[in-house]
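Quick notes on the structure that follows.
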There are 2 protein chains.
Amino acid sequence: MTKQRALILQIVQSTHEHLTAEQIFLEARKKMPTIALATVYNSLNYLCENHMIEKIGFTGQTDRYDKMLVRHDHKLCEKCGAISDVIIDGLKEYIEEKNGSDVLSYDLTVHHLCPTCRAAAKS
Amino acid sequence: MTKQRALILQIVQSTHEHLTAEQIFLEARKKMPTIALATVYNSLNYLCENHMIEKIGFTGQTDRYDKMLVRHDHKLCEKCGAISDVIIDGLKEYIEEKNGSDVLSYDLTVHHLCPTCRAAAKS
DNA sequence: AATTAGATTTGGAATCGTTCTAAATATATT
DNA sequence: AATATATTTAGAACGATTCCAAATCTAATT
């Protein structure tokens, strides 16, 4: 674990946002102005391989990175694009029950309207 | 609906595979050797916007395109990368029940071992 | 049938996100 | 301290996608 990797990890861990590599790079440069973009990608890949963070992808968007907390999925606001976390209890079991029992894991993106956009839509 | 768009639509509709834009381009050139890659992308975007086909994305992979049949999701083999269709009945309702009732839609990717890889792993 | 207007296609350049490469640097081992 | 190994840096290269301007097609109008 190098200084660079620790910094990248800390950036991903200390936000509730779901940052892109570019955003993480810009953030990292504030603390370490000489860090290279390649190092950011390298570190992100390293941290993913070692299950310290997670890469998440939404169709048609660049990948984002998320800290590893309890296993969770994501909600994406159809209107403003805001991303939030969501936990659906028992979903793995539900999928297994419907599909047979060979589920290793799953990725779920729930499309919705966030509270702000929902309120705006009502008026 | 132009000749080019009709051809792209026909290619996506007449396969069970989940082709990338590049694969569709190569296929299209067999029938229409002068078609441009830009036209393939243009047509794919047009067909998606008009809900005639669907773009699907897996984290860390280029996007693929799928025909519009009954609403379904995808299984991805962890070992060989094979993609197959899956229908999980009542999943929208299950997610709504667990999460509140503001689900517009969802994308699900189930990670598993396909029958072939599963058989190979057992031995 | 010729003219025009609008949409689409073509081919190539441009862009974006990501990975690769080679040289420099840092870290760990003898 | 000398060596070997891993990591970083900076920039080039790459793959996927979009943009652009010119050419072509389509449909409507004369």
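Just so we're on the same page: letters track the sequence lines, and every chain starts at 1. Note: hydrogens, waters and symmetry copies are ignored here, and every other heavy atom, side chains too, is used.
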**OP:** Can you tell me the distance, in whole Å, between the CD atom of A/E49 and the P atom of D/dT7?
**Re:** 11 Å

Original post:
Can you check the A/N42 CG to D/dT7 C1' distance for me, whole Å?
Top reply: 7 Å

**OP:** Applying salt bridge (Lys or Arg N to Asp or Glu O under 4.0 Å), name anything that partners B/K92, two or more places apart in sequence or on another chain.
**Re:** B/E96

**OP:** Please name the pair of heavy atoms, one in B/L113 and one in B/E78, separated by the smallest distance, quoted to 0.1 Å.
**Re:** CD2-CB, 4.3 Å

**OP:** Would you give a per-nucleotide map of nucleotides 11-27 of chain D, 5' to 3', where B means the base has a protein non-hydrogen atom under 4.0 Å away, S means only the sugar-phosphate does, and - means neither?
**Re:** B----SBBB------S-

Original post:
Do B/Y94 and B/L104 belong together in a cluster built from hydrophobic side chains that touch within less than 4.5 Å?
Top reply: no

Subject >> Those residues of residues 4-11 of chain A lying under 4.0 Å from DNA chain D by at least one heavy atom >> reply: A/Q4, A/R5

For residues 56-75 of chain A, run the donor-acceptor check on the side chains, cut-off 3.5 Å, and write out each pair with its distance to 0.1 Å, sequence neighbours left out.
from	atom 1	to	atom 2	distance (Å)
A/T59	OG1	B/G57	N	3.3
A/R64	NH1	A/H18	O	2.6
A/D66	OD2	A/H72	NE2	2.8
A/D66	OD2	A/H74	NE2	2.8
A/K67	NZ	A/Q13	O	3.4
A/K67	NZ	A/T15	O	2.7
A/R71	NH1	A/D73	OD1	3.4
A/R71	NH1	A/D73	OD2	3.0
A/R71	NH2	A/D73	OD1	3.4
A/R71	NH2	A/Y106	O	2.4
A/H72	ND1	A/V70	O	2.9
A/H72	NE2	A/H74	NE2	3.4
A/D73	OD1	A/L108	N	3.0
A/H74	NE2	A/H18	NE2	3.4
A/K75	NZ	B/N99	OD1	3.3

**OP:** Quick one: list whatever passes salt bridge (Lys or Arg N to Asp or Glu O under 4.0 Å) with B/E22, sequence neighbours left out.
**Re:** none

**OP:** Write down the atom of B/C48, the atom of B/K55, and the distance for their closest heavy-atom approach.
**Re:** SG-N, 3.8 Å

Subject >> Contact check, side chains of A/H111 and B/V103, non-hydrogen atoms, under 4.5 Å >> reply: no

Original post:
With a 4.5 Å heavy-atom cut-off, do A/V40 and A/I8 have their side chains touching?
Top reply: yes

Subject >> Start and end of chain A contact along DNA chain C [non-hydrogen atoms, under 4.0 Å] >> reply: C/dG17 to C/dT27

Subject >> Any A/T39 side-chain nitrogen or oxygen under 4.0 Å from OP1 or OP2 of D/dT7 >> reply: no

Subject >> Hydrophobic cluster identity match, A/I11 and A/L9, side-chain contacts under 4.5 Å >> reply: yes

Original post:
Can you tell if the side chain of B/S84 reaches within under 4.5 Å of the side chain of B/C114, non-hydrogen atoms only?
Top reply: no

